[in-house]
Amino acid sequence: YAIGVRLVGSEMCIRDRYGFEWSPAFQALQQDYELVQETCDPNALAVFLAHHPHHAEGLLTLALIYATHGTCAGYHIGS
């Protein structure tokens, strides 16, 4: 799961411009995350993060849920 840099525009340009692009593996993982997010189920998010513990957006979302509700009691955290 990575981000890469690619040349955007002509190679003849004096000032080359670069763009970022996600790897296909990360794009698939992000689509899975978005499906989990659409459920609005914190337990589904916890299960997703148990399998993908370094997904930054998922971790931030879980942290916001925790900050809003003040506890993770009752959430399925683990595999």
Quiz item: Measuring from Gln37:CD to Thr61:OG1, what's the distance to the nearest 0.5 Å?
Solution: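 The CD atom of Gln37 sits 5.5 Å away from the OG1 atom of Thr61.
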Practice problem: Any chance you could measure His54, atom NE2, to Leu49, atom CG, to the nearest 0.5 Å? | Solution: 11.0 Å
Quiz item: Who else is in the cluster with Leu35 when I, L, V, M, F, W and Y are joined by side-chain contacts under 4.5 Å?
Solution: none
Quiz prompt | hydrophobic_cluster_shared for Val5 and Trp22, side chain cutoff 4.5 Å | solution = yes
Quiz item: Where do Leu29 and His52 land on the side chain to side chain contact (heavy atoms under 4.5 Å, CB included) test, with the steps shown first?
Solution: CA-CA 9 Å; Leu29 179 64; His52 308 286; 3.4 Å; yes
side-chain contact (heavy atoms from CB on, under 4.5 Å) against [X], all qualifying residues, sequence neighbours excluded:
X	answer
Ala28	none
Asp41	Thr39, Asn43, Ala44
Gln30	Phe26, Tyr33, Glu34, His55, Glu57

Quiz item: Quick one: does Ile3's side chain get under 4.5 Å of Glu21's, heavy atoms only?
Solution: no
Quiz item: Can you name the closest pair of heavy atoms from Leu62 and Leu45 and give their distance?
Solution: N-CD2, 3.7 Å
Quiz prompt | Heavy-atom closest pair, residues Pro53 and Leu59 | solution = O-CD1, 3.3 Å
